[in-house]
Amino acid sequence: MDKNEARSALDAVKNTDHAMADRMRWPLWRHAIFGAMMALVLLAVALPDPGRMLVLAIVLLLTFLVVRDDKARHGMFVSGYQKGRTGWVMVLQFALLIAALAATIMLVEDPLSSPLFWAIAAVLLIGSTALSLFWEKIYRADLKAGRA
């Protein structure tokens with residue numbers, strides 16, 4: 001392989017990364033479903049066993065539907081666990097979920113009737129949705145820069 005062939009191959013990879021960055025856009029509802037799934041995990045912790053199992057089953061069903069939609073829309077599923085800068089967003093997401101769980105366990109006596117619980121759930125839903133949007137922005141920028 002000569003220099004021109006190698007340069008051409010590298011340019012093809014770069015063009016593919018740029019095309020993928022332009023293509024990898026998720027609608028707002030997709031990000032909101034992620035936020036809702038995080039809030040549902042919090043709700044599951046607050047519920048007694050039969051309700052907990054039902055809510056966790058709903059989270060699993062939503063996960064299946066999101067993966068299926070992503071594959072239909074993009075031909076693949078891109079999880080949040082990627083190398084590079086998106087890892088920090090996932091660390092923030094995990095910290096937000098743990099903080100919401102800890103606050104619920106430590107501060108809320110009867111979650112379902114507590115306005116504090118529902119406020120924590122709302123913060124988790126909105127924060128997780130925002131972090132998902134932020135994750136997409138970083139992921140697309142990393143693809144364009146050839147870092148993903």
Mind checking what makes side chain to side chain contact (heavy atoms under 4.5 Å, CB included) contact with Phe134, not counting sequence neighbours?
Val89, Ile138
Apply the hydrophobic cluster definition, ILVMFWY joined by side-chain contacts under 4.5 Å directly or through others, and give me every member besides Val123.
none
Quick one: do Ile126 and Ile33 end up in the same hydrophobic cluster if we chain Ile, Leu, Val, Met, Phe, Trp and Tyr together by side-chain heavy atoms under 4.5 Å apart?
no
Partner residues of Arg68 under the side chain to side chain donor-acceptor pair (under 3.5 Å) criterion, sequence neighbours left out:
none
Under the rule for side chain to side chain donor-acceptor pair (under 3.5 Å), what residues qualify as partners of Thr86, not counting sequence neighbours?
none
Find out whether Thr104 and Leu116 are in side-chain contact, i.e. whether some heavy atom of one side chain is under 4.5 Å from a heavy atom of the other.
no
Taking only residues two or more places apart in sequence or in another chain, which ones pass side chain to side chain donor-acceptor pair (under 3.5 Å) with Ser132?
His31
Would a 4.5 Å heavy-atom cut-off, applied to side chains only, mark Val55 and Val41 as touching?
no
Trp135 vs Trp88 side-chain heavy atoms within contact, under 4.5 Å:
no
Kindly state each residue pair satisfying side-chain hydrogen bond (donor to acceptor under 3.5 Å, both in side chains) with at least one member in residues 40-51, sequence neighbours excluded.
Asp49-Arg52
Answer whether the closest heavy-atom distance between the side chains of Leu133 and Leu28 falls below 4.5 Å.
yes
Show every side-chain hydrogen bond (donor to acceptor under 3.5 Å, both in side chains) that has at least one partner inside residues 118-130, sequence neighbours left out.
Gln93-Ser128
Closest approach of Ala103 and Ile120, non-hydrogen atoms and distance?
CB-CD1, 3.8 Å
Within one Ile-Leu-Val-Met-Phe-Trp-Tyr cluster: Val59 and Met53, side-chain cutoff 4.5 Å:
no
Check: Leu125 and Met38 side chains under 4.5 Å, non-hydrogen atoms
no
Non-neighbouring partners of Pro27 that pass side chain to side chain contact (heavy atoms under 4.5 Å, CB included), sequence neighbours left out:
Trp29, Arg30, Arg73
Nearest 0.5 angstrom please: Leu61 CG to Leu56 CG, how far?
12.5 Å
Do you reckon Ile98 sits in the same ILVMFWY cluster as Leu124, going by side-chain contacts under 4.5 Å, direct or chained?
yes
Taking only residues at least two apart or on different chains, which pairs with a member in residues 110-138 satisfy salt bridge (charged side-chain N to carboxylate O under 4.0 Å, His left out)?
none
Could you tell me which residues satisfy side chain to side chain contact (heavy atoms under 4.5 Å, CB included) with Ile58, sequence neighbours excluded, listed by chain and number?
Leu40, Leu54, Leu62
Taking a hydrophobic cluster as the set of Ile, Leu, Val, Met, Phe, Trp and Tyr residues connected by side-chain heavy atoms closer than 4.5 Å, whether directly or through intermediates, do Leu65 and Met37 fall within one such cluster?
no
Nearest 0.5 Å, what's the OG1-CZ distance between Thr63 and Phe34?
9.5 Å
What pairs with Lys71 under side chain to side chain contact (heavy atoms under 4.5 Å, CB included), at least two apart in sequence or on another chain?
Val67, Phe77
Under 4.5 Å side-chain linkage, directly or through intermediates, the cluster mates of Leu60
none
